[in-house]
Amino acid sequence: MRAAWALLLCAAIAGAAEVRGKVTQVVADAIYVDIGSSQGLEPGNGGQVQRVGERIADVAVVTVSGEQARLRVVRTVRRPVVGDDVVFQIKSTPQTKAETESKRPPADQPFEPLLERQKRRAKVVPERNIFHGRVSFSQVVQSDNEGDLDYAISLLTSDGMLDRIAGSRWSMRWAGNAFYRTGEAFEGSEFEGGQLIVFDLALAHPVGEDGSFRFGRFLPRTLASAGYFDGADIDVAVGENTRFGAALGFRPTRIDLTPSVDEPTGLVYGAYKVGKRGDAFASGSYGLLASSWEGDFDRAALLIEQVAELGSARLDATATIDFDVGSSEYRSGTQLTQLDAFFSWRITRGITLRAGADRWQRLDTAAERDTIEFLDPLLFENGFWRTWIGAAFALPGRLRLDLQYDNINSDTGPTTTPWRVTLEHFDPFGIPGANLSLTVFSLESFTGSGYGGLFNTSVPFVGGKWVLRALAGFRYLDEADQTFDVTNVSVNVDYLAGGGWQISGGVQWFGGTALDSLLFEFRLDYRF
Amino acid sequence: MKLNAAKWTVGTTAILVLLVTCGSFRKGKQYWNSKWGPLVPHTSFPADCELCHYPDGWKKIRPEFEFDHAKQTGHALNGAHEGAACLRCHNDFGPIEVYTSRGCVGCHADIHQAQMGNDCLRCHNESSWRPTGLVADHARTRFPLIGRHVAAACVQCHPRGPTGIYRGAPLACEQCHQADLATAVNPDHNAQGWTSRCDRCHTPVSWGANGFSHSFFPLTGAHKTAQCQSCHTGGVFGPLPRDCLSCHQDDLARAPNHQDFPRQCEQCHGTTTWEDARFNHRFPLRGDHNVDCSVCHVGGNTASFTCLVCHDHSKEKMDDKHDDEPGYSYNSAACYQCHPRGDD
């Protein structure tokens, strides 16, 4: 208050004019404001940042342009944030409108604010071989009372990118897992021993402003339902809001993505976006997929991915419609083989409603049938429909209540209506970042019903370097002439060692009706 | 557990721990190696380099530099995103605005190939892709995890799980348990034609005796440990008569004084042993009624009884005694109707 009076006094003496603006950016030790030379600011001017009339920092103008200025913080009471007021007392009289117009750059020299994207490339270190990724190793060992669930799984996983290879605009991405499984649970099965799965191994090059070309092993980003390709794809922008793309190649085998030439596959797609996010927005991708299997036309499908936003309501949907191309043996006609539609609407800050529908059906194609070891007509049942509704309520005391009710309907399985109720507590006991949740849910099987509960917590400590995760669950099911109960307890600890390293370890116990198994887990992550 | 698995585990873990301890813990978030090139194509950055760099050295970012992603871009970086290298998202693979509008799958290749939908947060969170609470989440499927299924490795039921495909796990037991079916030779399941609907006899607890459900004829007492062939003679496992005598004819023949006993063995015997028979005689056998069975059940026929053979029960005396009783009749059924406990 005293400072405000002092400013007013100085202004009165000097005949200065007050210029007010807003803080638009806070970056490191600099502040950007939405007033500039047009309002009379000049390098060296001193002023104040105010919040609700109270001075929180003294600032000085460093650089200035027409409608913006970069300020240096001279003294701080509180850290300025975007939206704070900034007040300057300018000695010279404000410019008239004519003067301001005359100082603006001519029309053929567009105004370039300080934070505008640079039109020229600054001479910086040559961009070459930019290498980022992650490697992690995990080991899981389980020991069981009867022995048939004894197993050990070692997993080495890595994903990442090598960008600007040798200074060029070529880049490479990779992602893959290497498993080694052993133990009685896997004895004699196809999963015993090593297994290498490559999800992504592709070279890419930009096409135009926003397009790309790539070849190798990849999953089309725009329409993931197309599955993996060993081939090439191109994605180009046509106009600001429309894209087109195509992919051509061979589909790897379904079990472990081993390269194969049995299933040539092609995809063409278009994508669009309209509107503005946070207001009314929609984007979607629509593709046509065709494939053959060992020389015969096998599949034609329409792939859909759709996002729509209206205010705080959002719809996410993916769908696959398979056309009857004569390769089906168990079904005929066009089939909706996959659908997942999820709608959420944040009604108020404290209430969010959601609903969805989910549909799945196994593909009845020669490729699918030929890759199933024990072919059974039951596998080609009509699949299922699942619909659900739910709601989340923010409660006082950093609590959140979440309710969900499902309805699962299928020809071969039971029609079930599981429900669940979850109460979450954020930052419990004043520990920032901690989380506690308690869930109760119903269970329904073919011949019985029951209930379950789950307690889950995550607690960071030592400044977030360590995270303790604990879980305890209980399930009870009453079958026709028998009851089953299962209790599981797990404790895991993550240590964020710094430098990109993270170490995790934990133990999990399952106990209950004829069940007593212990699982140890160790994981090491390195991000580079 | 095979020993080689344990050795392999310990060995590999030790090597990796060694690598970590020898590795670089010292490189802070602000460290940058010029060989890497700029982390993000700088064409989209402010012209004022001093915002991030020292004027006299590019290799280190200003320690006080903090790029508030939420404020600067309107998109908050939470969980693992907070520590991710900028280039993982801002790169030459396409416009980030388009990708973010599609949610997680815009940047993260959806290894589930859209079969699980685009709402990744149903199972995953921003801190880790490793889902927790999946055992509970399985209650939302057509196959809630019961019994030993809870502790099974996912790939045992989801053979395409390692490639991200979890849809299509069979609902029928025999699809996953082909190996168990092939080794079920006592009795020989294939010979008997028991190749489906395993749940008729087995429970999710175990394939062995503990998990065997003979619910259509509960195996209690001595039946529990009996050999299947004791009842299912000749390898015939079809439905058997449920009455005791269909299997226990020889026992009846050996039993003393049972010639005239009813053929419902369960009226007196339990399933544990023949000796410990207990018969709940509805008519109290006490006092003058504690007599040999054949006194009332003439000729050993327990299906009928008589009250009239007793010396006390002469018709004249009874008629005289009951002359005030309406509906009185001198026959055993009438006696029992008014004197179910044998007293006055």
Side-chain angles (χ1 to χ4, degrees), chain A residues 27-28 82 115 117-118 124-125 127-128 130 132 137 139 141 143 149-152 163 171 182-183 185 191 197 199 206 210 212 219 224-225 227 257 283 307 316 318 340 342 360 362 374 378 406 413 418 441 443 445 452 454 477 481-482 484 486 497-499 501 510 513-515 517 522 524, chain B residues 1-2 5 9 13 16 20 24-25 27 34 36-38 42-44 46-47 51 62 64-65 71 85 87-88 91-95 101-102 109-111 113-115 117-119 133 136 139-140 142 144 146-148 150-151 153 155 160 162-163 167-168 171-172 175 178 203 205-206 210 215:
Chain A
V27 183
V82 173
L115 286 177
R117 173 181 285 218
Q118 271 188 291
V124 293
V125 180
E127 299 167 353
R128 56 193 300 145
I130 306 169
H132 285 295
F137 171 79
Q139 180 66 53
V141 180
S143 175
L149 292 176
D150 283 358
Y151 64 78
D163 210 1
S171 57
T182 185
F191 302 107
I197 293 176
F199 295 107
D210 285 332
S212 68
L219 184 72
S225 51
L257 304 184
S283 76
V307 173
D316 273 283
T318 60
D340 192 291
F342 174 78
W360 181 85
R362 187 184 296 279
F374 303 107
L378 270 179
D406 290 51
F441 56 91
L443 270 177
S445 74
L454 181 71
L477 191 88
D481 64 334
Q482 210 170 347
F484 304 98
V486 176
W501 290 96
F510 281 109
T513 313
L515 181 67
S517 68
F522 170 79
L524 188 62
Chain B
M1 175 65 61
K2 282 184 173 177
T9 302
T13 306
L16 283 159
V20 172
S24 169
F25 281 92
K27 290 175 182 172
S34 61
W36 297 342
H42 279 47
T43 48
S44 60
L51 284 175
R62 286 178 179 275
E64 73 276 14
F65 171 75
K71 280 182 189 166
L87 198 65
R88 295 303 301 268
N91 51 49
D92 283 345
F93 285 85
S101 72
R102 296 176 59 227
D110 176 14
I111 68 162
Q113 298 172 40
Q115 290 198 0
N118 281 355
D119 182 26
R140 292 188 64 214
R142 291 187 291 174
I146 302 163
R148 294 178 67 74
V150 171
V155 72
R160 297 180 189 179
T163 68
R167 294 278 199 231
L171 296 173
Q175 279 288 335
Q178 283 290 330
T203 73
V205 165
S206 164
N210 287 338
S215 57

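Note that the coordinates shown come from a computational prediction; the quantities given were computed from them, not determined experimentally. Chain naming here is simple, since letters A, B, ... match the order of the sequence lines and numbering starts at 1 in each.
Contact annotation for A:Ser517: only side-chain heavy atoms (C-beta onward) come within less than 4.5 Å of a heavy atom of chain B. Using a 4.5 Å cut-off between heavy atoms, A:Leu219 contacts chain B through its side chain alone, with no backbone atom that close. Heavy atoms closer than 4.5 Å to chain A are found in the side chain of B:Asp119, but not in its backbone. Only the side chain of A:Ile197 comes within contact range of chain B, with at least one heavy atom under 4.5 Å from a heavy atom of that chain. For B:Ala136, the parts lying near chain A are the backbone and the side chain together; criterion is any non-hydrogen pair under 4.5 Å.
Taking CG of A:Leu477 as the reference point, atom CD1 of B:Ile146 lies at 4.5 Å (rounded to 0.5 Å). Taking CZ from B:Arg102 and CG from A:Asp316, the interatomic distance works out to 10.0 Å, rounded to the nearest 0.5 Å.
Here the closest heavy-atom approach between residue B:Gln113 and residue A:Gly227 is recorded as OE1-CA, 3.4 Å. The two atoms that bring A:Leu443 and B:Pro144 nearest to each other are CD2-CB, 3.6 Å, heavy atoms only. Considering all non-hydrogen atoms of both residues, B:Ala151 and A:Tyr151 come closest at O-CE2, 4.0 Å.
With respect to chain A, the highest number of heavy-atom pairs below 4.5 Å among B:Gly147, B:Pro162, B:Gly117 belongs to B:Pro162. Taking A:Leu149, A:Leu378, A:Leu515 one by one and counting their heavy-atom pairs under 4.5 Å with chain B, the maximum is reached by A:Leu149.
For A:Ser225, the side chain to side chain donor-acceptor pair (under 3.5 Å) criterion is met by no residue, not counting sequence neighbours.
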